[in-house]
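Residue numbers begin at 1 in each chain, while the letters A, B, ... track the order of the sequences. Just so we're clear, the structure is a prediction, and the values are computed from it rather than from any experiment.
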Number of protein chains: 2
Amino acid sequence: MNEGGRLTGDREALLQVSCMLGAHFTPEDMRRTLAAGGSQMAMTTIYRNLPALTGAGIIRRTTFCEEDDNGAATYEHVWGRPHHDHLLCQRCGKKVEFSYDALEVLQEEVARRHGFRLLSHHLELIGVCLDCARGGPAGETGGAPT
Amino acid sequence: MNEGGRLTGDREALLQVSCMLGAHFTPEDMRRTLAAGGSQMAMTTIYRNLPALTGAGIIRRTTFCEEDDNGAATYEHVWGRPHHDHLLCQRCGKKVEFSYDALEVLQEEVARRHGFRLLSHHLELIGVCLDCARGGPAGETGGAPT
DNA sequence: CCGGATAATGCAATTCATATGCAACAAGCG
DNA sequence: CGCTTGTTGCATATGAATTGCATTATCCGG
């Protein structure tokens with residue numbers, strides 16, 4: 001009796017690409033990478049295996065609510081990597097990973113205050129990176145300078 | 001020369017419902033509420049006006065990555081309301097709003113350290129609320145205890 | 001107060017990510 | 001080695017969000 005499923009070639013392959021892609025990728029990215037490596041795989045299979053991968057703690061959905069590819073969900077490989085959150089530049093889309101213990105501690109504190117046992121969190125800081133701030137309002141996003 | 005568009009009845013109506021619904025609603029919720037109030041409105045119109053509303057700071061997209069309705073984006077009314085973040089119970093789906101200044105301060109700090117000018121953030125704490133913790137492992141969700 | 005320029009709306013049809021039914025197939029177990 | 005059961009692929013379905021086009025309403029100048 002297997003715990004979560006059978007160990008198939010496809011799953012091994014998915015494990016590999018998720019690890020290889022690491023940063024922030026979409027299901028489509030996985031397929032493309034696999035295809036480039038010679039392993040053809042149907043999107044269906046990828047989609048069907050994503051829950052298993054996330055459930056197993058191999059990857060997790062990033063909170064960039066569909067900004068990356070064409071509205072596709074983005075994931076990142078987390079297994080064996082230290083936890084981190086993200087800073088996102090609104091202008092250039094640059095993503096910076098950071099981790100800050102004090103922040104985590106405070107989050108625990110908040111959860112405790114509300115009677116919650118904290119399991120995980122999604123934190124995304126949105127701002128303007130130094131380069132873009134210096135570069136001036138070149139790629140002005142909002143339009144309204146407020 | 002108008003700044004952002006014309007003031008139409010539909011937009012006023014959307015303003016109202018967003019304010020009325022307040023908490024966490026989907027575009028579909030807006031349509032349904034409007035319909036209940038006698039104002040028929042096409043989804044197209046709602047979708048086309050959402051960017052205007054968010055751009056104007058009336059509403060914002062919540063970060064619950066499509067969990068609410070059937071995968072639809074959720075929004076909340078923020079104009080004139082104090083900023084807050086969310087605690088989400090993984091079992092019962094309960095959403096608790098909170099705000100914690102120290103947390104905001106630390107986020108500013110993180111951004112500064114990385115040379116970012118912070119504009120906004122999304123923070124969502126995921127855990128198990130007191131009720132569900134007491135209620136026992138009734139609706140066990142994850143399975144893998146990490 | 002009116003009439004034209006132009007943006008907003010509704011409808012239908014489209015796009016795109018993700019899910020599902022079903023038949024073929026492969027992994028694991030005896 | 002053969003059976004059971006989970007997995008894969010294909011085609012198709014779903015459902016949110018977007019777009020083209022004709023119609024209508026808003027704004028603005030007269």
Side-chain angles (χ1 to χ4, degrees), chain A residues 1-18 21 24-35 37-56 58-75 143-144, chain B residues 1-18 24-35 37-56 58-75 143:
Chain A
M1 195 187 294
N2 257 331
E3 358 71 67
R6 291 177 179 168
L7 182 58
T8 66
D10 284 23
R11 292 195 179 159
E12 281 189 80
L14 284 174
L15 214 81
Q16 274 198 333
V17 281
S18 72
L21 291 171
H24 305 110
F25 55 87
T26 64
E28 174 59 27
D29 288 334
M30 302 181 85
R31 196 198 54 80
R32 204 173 321 122
T33 306
L34 281 166
S39 315
Q40 205 65 22
M41 192 179 303
M43 283 304 293
T44 307
T45 305
I46 297 175
Y47 279 117
R48 264 196 283 234
N49 281 317
L50 281 175
L53 285 173
T54 54
I58 311 291
I59 62 177
R60 71 163 176 175
R61 255 188 110 139
T62 50
T63 326
F64 310 111
C65 272
E66 44 218 277
E67 315 240 346
D68 253 7
D69 206 65
N70 224 3
T74 66
Y75 295 81
Chain B
M1 194 188 296
N2 256 334
E3 356 71 69
R6 293 176 178 169
L7 180 57
T8 67
D10 285 23
R11 293 200 179 157
E12 280 187 80
L14 283 175
L15 216 81
Q16 274 198 333
V17 282
S18 72
H24 306 110
F25 54 88
T26 64
E28 174 58 26
D29 288 333
M30 303 182 83
R31 198 198 54 77
R32 204 173 321 120
T33 306
L34 282 166
S39 315
Q40 205 64 22
M41 192 179 306
M43 283 306 291
T44 308
T45 305
I46 297 175
Y47 278 117
R48 263 194 285 234
N49 281 318
L50 281 175
L53 285 172
T54 53
I58 310 290
I59 61 177
R60 72 164 177 175
R61 255 188 109 139
T62 50
T63 325
F64 308 111
C65 274
E66 44 217 278
E67 314 239 348
D68 251 9
D69 204 66
N70 223 2
T74 65
Y75 296 82

By side chain to side chain donor-acceptor pair (under 3.5 Å) - contacts of Arg60(A) (at least two apart)
Glu76(A)
From the list dT8(D), dA17(C), dT19(D), which nucleotide is the closest neighbour of the side chain of Thr44(B)?
dT19(D)
Distance, rounded to the nearest Å, where Gln40(B) contributes CD and dT24(D) contributes C1'
17 Å
Without decimals, in angstroms, what is the distance between Met43(B) CE and dT15(C) P?
20 Å
Please give, in whole Å, the distance from dT8(D) C1' to Leu34(A) CG?
14 Å
In this structure, how many angstroms lie between the P atom of dA16(D) and the CZ atom of Arg61(B), rounded?
13 Å
Counting any heavy atom closer than 4.0 Å, what does Arg48(B) reach on the DNA or RNA strands: base, sugar-phosphate only, or nothing?
base
Round to a whole Å and report the spacing from CG of Leu7(B) to P of dC28(D).
11 Å
To the nearest 0.5 Å, atom CG of Asp10(B) lies from atom CD of Gln40(B) at 11.0 Å
Working to the nearest 0.5 angstrom, can you tell me the gap between Leu50(B) CG and Thr45(B) OG1?
10.5 Å
Tell me what Thr8(B) touches on the nucleic acid: a base, only sugar-phosphate, or nothing, going by heavy atoms under 4.0 Å.
sugar-phosphate
To the nearest angstrom, how far is Arg31(B) atom CZ from dA16(D) atom P?
11 Å
Can you tell me how far CE of Met43(A) sits from CE of Met30(A), rounded to the nearest 0.5 angstrom?
9.5 Å
Could you work out which one of dA16(D), dT9(C), dC10(D) sits closest to the side chain of Ala42(A)?
dC10(D)
Between dT8(D), dA8(C), dT18(C), which nucleotide gets closest to the side-chain atoms of Asp10(A)?
dT8(D)
Could you grab the distance from atom CE of Met41(B) to atom OG1 of Thr33(B), nearest 0.5 Å is fine?
11.0 Å
Of Gly9(B) and Tyr47(B), whose closest DNA chain D nucleotide lies nearer the 5' terminus?
Tyr47(B)
Measure the distance from CG on Leu50(B) to P on dA8(C) and round it to the nearest whole Å.
15 Å
Using atom CD1 of Ile46(A) as one end and atom P of dG9(D) as the other, report the distance to the nearest whole Å.
9 Å
Name the closest nucleotide to the Arg6(B) side chain, picking from dC10(D), dA12(C), dA8(C).
dA8(C)
